[in-house]
Amino acid sequence: QVQLVESGGGLVQAGGSLRLSCAASGRTFSSRVMGWFRQAPGKEREFVAAINRNDDSTSYADSVKGRFTISRDNAKNMVYLQMNSLKPEDTAVYCCAAAFLMTTVASQYNYWGQGTQVTVSS
């Protein structure tokens, strides 16, 4: 069992930065692939980034590549999403999730946090 709690969302101007954090409980955290997804109003949930167990492989959506960086600290049971050069189209609720395999498919993630709102003003 893994429980996930996100934090760090907020309101930022276009071009600004935010760092999202995801705190995980459970002894199996280090064995899980961790991902970030987002969902904007009226849109489907969208893959953002994922990182494997050992922090040596990452995957990003094309829309955030070069602007966002996912990282993890297994000793602290934490996953982070550093978001730079934010755009209004990045506005969404951001959720972290845990999976067994490296994947961009939301249905393959077993555990989800409640999400944190990110709003980027133009």
Side-chain angles (χ1 to χ4, degrees):
Q1 191 84 7
V2 177
Q3 293 183 323
L4 305 170
V5 179
E6 303 92 339
S7 61
L11 174 64
V12 63
Q13 288 189 331
S17 297
L18 280 175
R19 188 195 195 203
L20 304 184
S21 298
C22 174
S25 64
R27 290 177 291 177
T28 61
F29 170 79
S30 62
S31 67
R32 306 281 184 164
V33 170
M34 297 301 297
W36 285 95
F37 289 78
R38 67 186 182 186
Q39 188 166 19
K43 295 188 177 181
E44 293 189 355
R45 186 160 49 189
E46 174 188 23
F47 169 76
V48 176
I51 187 166
N52 76 346
R53 299 165 183 77
N54 300 317
D55 197 15
D56 58 2
S57 178
T58 56
S59 177
Y60 295 94
D62 288 342
S63 58
V64 307
K65 203 170 292 184
R67 299 188 298 122
F68 291 10
T69 302
I70 188 171
S71 62
R72 67 189 294 164
D73 185 337
N74 286 340
K76 297 181 179 179
N77 279 15
M78 295 292 294
V79 182
Y80 306 99
L81 186 67
Q82 178 66 44
M83 306 186 296
N84 299 328
S85 302
L86 282 161
K87 305 175 181 180
E89 51 263 43
D90 294 319
T91 295
V93 174
Y94 285 71
C95 295
C96 66
F100 288 108
L101 300 174
M102 193 68 163
T103 177
T104 64
V105 179
S107 61
Q108 295 180 353
Y109 283 77
N110 311 98
Y111 301 99
W112 291 83
Q114 292 297 312
T116 185
Q117 176 70 47
V118 171
T119 303
V120 184
S121 63
S122 56

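Sequence positions, counted from 1, serve as the residue numbers for this chain.
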Query raised in the report: Just by modelled atom types, is the Ser25 backbone N or O under 3.5 Å from a matching donor or acceptor in the Asn77 side chain?
Result: no
Query raised in the report: Under a 4.5 Å side-chain heavy-atom rule over Ile, Leu, Val, Met, Phe, Trp and Tyr, are Phe47 and Val64 clustered together?
Result: no
Report task. Would you kindly confirm whether Val33 and Tyr60 end up in one hydrophobic cluster when ILVMFWY residues are joined by side chain heavy atoms under 4.5 Å apart? Result -> no
Could you pull out every donor-acceptor pair under 3.5 Å between side chains of residues 11-23 and any protein atom, sequence neighbours left out?
unit_1	atom_1	unit_2	atom_2	d
Ser17	OG	Asn84	OD1	2.9

Report task. Sequence neighbours left out, what pairs pass disulfide bond (SG atoms under 2.5 Å apart) with at least one residue falling in residues 48-81? Result -> none
**Report entry** Contact list for residues 95-108, test side-chain hydrogen bond (donor to acceptor under 3.5 Å, both in side chains), sequence neighbours left out
**Finding:** Thr103-Gln108
Report summary line: So the salt bridge (Lys or Arg N to Asp or Glu O under 4.0 Å) pairs with at least one residue in residues 84-108 (sequence neighbours excluded) are Arg38-Asp90, Arg67-Asp90
Report summary line: Nearest heavy-atom approach of Glu6 to Gly113 is OE2-CA, 3.1 Å
Query raised in the report: Is there a donor-acceptor pair closer than 3.5 Å between any side-chain N or O of Arg72 and the backbone N or O of Asn52?
Result: yes
Requested in this report: Measure the spacing between OG of Ser59 and CE of Met102 and express it to the nearest 0.5 Å.
Outcome: 5.5 Å
Report task. Give, for atom SG of Cys96 and atom CD1 of Ile51, the distance between the pair rounded to the nearest 0.5 Å. Result -> 12.5 Å
Report task. Please tell me if the side chains of Asn110 and Arg32 come closer than 4.5 Å, counting only heavy atoms from C-beta onward. Result -> yes
Query raised in the report: How would you list all residue pairs meeting ring-ring contact (aromatic ring centres under 6.0 Å, His included) that involve residues 63-121, not counting sequence neighbours?
Result: Phe37-Tyr109, Phe37-Trp112
**Report entry** Contact check, side chains of Glu46 and Ser63, non-hydrogen atoms, under 4.5 Å
**Finding:** yes
Report summary line: Residue pairs meeting ring-ring contact (aromatic ring centres under 6.0 Å, His included), one or both in residues 10-35, sequence neighbours left out, come to none
Query raised in the report: Which value, rounded to the nearest 0.5 Å, describes the distance between Thr91 atom OG1 and Lys43 atom NZ?
Result: 9.5 Å
